[in-house]
Protein chains: 2
Amino acid sequence: MTMNTPKPNPPKRADQIAKSLEDMIFQGEFADGDRLDEQRLAERFGTSRTPVREALQKLSVSGLVAQIPQRGVFVQQPGPVELMEMFEVMAELEAVCGRFAAIRITDEALDQLRHANQLCQQAVDEGDTDGYYFHNEDFHRIIYSQSGNRFLEQEARRLSRRLRPFRRIQLRLRGRMRQSLDEHLAVVQALTDSDPEGAGNALRDHVAVQNEKFHHLMNSFEDRGSAPEKARAERPEGGSRRRA
Amino acid sequence: MTMNTPKPNPPKRADQIAKSLEDMIFQGEFADGDRLDEQRLAERFGTSRTPVREALQKLSVSGLVAQIPQRGVFVQQPGPVELMEMFEVMAELEAVCGRFAAIRITDEALDQLRHANQLCQQAVDEGDTDGYYFHNEDFHRIIYSQSGNRFLEQEARRLSRRLRPFRRIQLRLRGRMRQSLDEHLAVVQALTDSDPEGAGNALRDHVAVQNEKFHHLMNSFEDRGSAPEKARAERPEGGSRRRA
DNA sequence: CCGGTGCAGATTGTATACAATCTAATTGAC
DNA sequence: GTCAATTAGATTGTATACAATCTGCACCGG
């Protein structure tokens, strides 16, 4: 056994297509009710329809697209309400991670958090929004990880990824980066003190503010810009009404 | 427009296969590392490999199976640790639902909760485990719904469904049904009092106890039964280690 | 002029065919 | 006799072909 290369993982298959489509949807490359044409995507990716279909199946499970049986798949961009709801859940998930982490976090991880914050500070000084955005994500992921609950970590990362593009926007608000950094410091303080409630509340507020700022920003856009009056393309399934 | 039949949804396609496979996995019809053979499943469902493959793609997103690029898909039954983690998250999700619901719940929903509890009581009196199991689920779903957050409701239902088979087991413990019902009453009381923290804590504890009882039961099985020493079939990817 | 029927094009869903890769068994060498 | 390499079978991944359904327009009748 010279070099087992534990997972040489033959690079992969074409659910790279799924990743690509996911990114494209996140990037806002498609509007809310757009139909994703299999054939079009197939030639766009230089493959046949088969891998594209499989990718679309995956996306439909994630809720990024909706599949209407004999019609096609349609992208599902979250509306303002859904977005608010997702941010609310994100805040609670982060709070839980923080509560758990306050008890379980290692000194090493605490140092990593402080280091991430230093990099954030640097980004603030340089006005580097992208840099802040990046190291901020690091900061939060460390906390997810230190919750000591892999499943929770996964879920938190999943939702965080989904909200990523929307989180990014609010950082551009004047003074938001510095404020965010201050909130990070409060989180680290509570974690250092092994204060579960403190850490949880600090993180919940931190995310809740993001949500607030984001919506504030969106409203200001709507006020001065054109009314977005999106002709929502017949959402296939609104809510699961169920009569008990 | 006589009868638009809003969703005549040609109720077909072969992600019924996905549903079926999901149920089969939940039912424990497959062991942990089992490979799901496309061809076998195809003839089992009377179709070609194509729909089966699409179903498997979906399952892989849900995390019920793991896909190893050129080898096949393998069922992923949660181990004891993962299960504990999932219950822990479930407890926290329920707690959040309870906190939200305490403020937002309607009187009508409160009545529904009491009604569900009556049916639970009846099931306890009759020793009807299945009945209790069913109405218990109703009880919890009402609370999810009353959180006033559709996204949260969805997530809670998703995880609840995943844990369903494991939750069921612990009900068979002596006196567990009655205890569970008492906990339900405490939840309703807190919700009636519009006490967010009380409702959250009551629900968290309620679920945490389920977890505890479940593991207690599993351990007793292991003690008297054969050592399960499952030769875990090389979990494809343990954790995503990432060096920043 | 308006509404319904039917047909043509297009698109999704399924089946089959083919290429690439992996598994494992046989065979050969040390 | 044991270990390694090669080769045959099986299985996954992709492409293509075909069937079923839907969309929209033209045509026809009232």
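Model, not experiment: these values are computed from the prediction. Numbers restart at 1 for each chain; the letters A, B, ... are given by sequence-line order, proteins then strands.
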Chemist: Scan residues 54-66 of chain B for pairs that pass salt bridge (Lys or Arg N to Asp or Glu O under 4.0 Å), counting only residues two or more places apart or in two chains.
Modeler: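 Output for this query lists A:R53-B:E54, B:D15-B:K58.
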
Chemist: Roughly how far, to the nearest 0.5 Å, is CD of A:Q67 from CG of A:L56?
Modeler: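 Rounded to the nearest 0.5 Å, the CG-CD separation comes to 7.5 Å.
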
Chemist: Figure out the CD/P separation between A:Q67 and C:dT14, and round it to whole Å.
Modeler: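 Rounded to whole Å, this separation is 10 Å.
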
Chemist: Nucleotides 7-11 of chain D: which of its N/O atoms have a protein N/O under 3.5 Å away?
Modeler:
residue	atom	partner	partner atom	Å
D:dT11	O3'	B:R35	NH1	3.3

Chemist: Who passes side chain to side chain donor-acceptor pair (under 3.5 Å) against B:H140, sequence neighbours left out?
Modeler: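 Here the qualifying residues are B:E94, B:N136, B:H206.
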
Chemist: A:R204: which residues meet the side chain to side chain donor-acceptor pair (under 3.5 Å) condition with it, sequence neighbours left out?
Modeler: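 Here the qualifying residues are A:E92, A:N201.
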
Chemist: Could I get a table of every N or O pair under 3.5 Å where one atom is in the protein and the other is in nucleotides 6-8 of chain C?
Modeler:
none

Chemist: Quick one, B:E85 and A:L152 - any side-chain contact, counting heavy atoms below 4.5 Å?
Modeler: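 Not touching, per the 4.5 Å side-chain cut-off.
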
Chemist: Rounded to the nearest Å, what distance is computed from the CZ atom of residue A:R53 to the P atom of nucleotide D:dA15?
Modeler: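 Checked: the CZ to P distance equals 15 Å.
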
Chemist: Can you check whether A:S180 reaches A:Q170 side chain to side chain, under 4.5 Å on heavy atoms?
Modeler: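 Contact flag for A:S180/A:Q170 side chains = no.
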
Chemist: Specify the separation, in whole Å, of atom CG of A:D15 and atom P of D:dT12.
Modeler: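 So the CG-P distance, A:D15 to D:dT12, works out to 16 Å.
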
Chemist: B:R49 or A:L36: which one's nearest nucleotide on DNA chain C is closer to the 5' end?
Modeler: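 Going by which nucleotide is closer to the 5' end, it is A:L36.
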
Chemist: For A:S48 and B:V73, take the nucleotide of DNA chain D holding the closest heavy atom to each; which residue's nucleotide lies nearer the 5' end?
Modeler: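 So the residue in question is B:V73.
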
Chemist: Under 4.5 Å between any side-chain heavy atoms of A:Y133 and A:R164, yes or no?
Modeler: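 Yes, side chains in contact.
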
Chemist: Any chance you could measure A:Q146, atom CD, to A:I143, atom CD1, to the nearest 0.5 Å?
Modeler: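 Reported value, rounded in 0.5 Å steps: 9.5 Å.
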
Chemist: With side-chain hydrogen bond (donor to acceptor under 3.5 Å, both in side chains) as the criterion, how do B:H215 and B:N211 come out once you've worked through the C-alpha distance, each side chain's angles and the decisive distance to 0.1 Å?
Modeler: CA-CA 6 Å; B:H215 278 94; B:N211 183 15; 2.8 Å; yes

Chemist: At what distance, to the nearest 0.5 angstrom, does CG of B:D130 lie from NE2 of B:H135?
Modeler: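 Result: 10.5 Å between the selected atoms.
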
Chemist: Search all heavy atoms of B:V61 against all heavy atoms of A:S62 and return the closest pair with its distance.
Modeler: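 Taking B:V61 first and A:S62 second, the nearest heavy atoms are CG1-OG, 3.8 Å.
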
Chemist: May I have the distance from A:I17 (atom CD1) to D:dG13 (atom P), rounded to whole angstrom?
Modeler: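 For the pair A:I17 CD1 and D:dG13 P, the rounded distance is 13 Å.
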
Chemist: Grab the CZ-C1' distance between A:F45 and D:dA15 for me, whole Å please.
Modeler: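 Computing the A:F45:CZ to D:dA15:C1' distance gives 17 Å.
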
Chemist: Under 4.0 Å: is that the gap between some side-chain N or O of B:T50 and OP1 or OP2 of C:dT14?
Modeler: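 No.
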
Chemist: Heavy atom of residues 54-65 of chain A under 4.0 Å from DNA chain C: which residues?
Modeler: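 DNA chain C contact set from residues 54-65 of chain A: none.
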
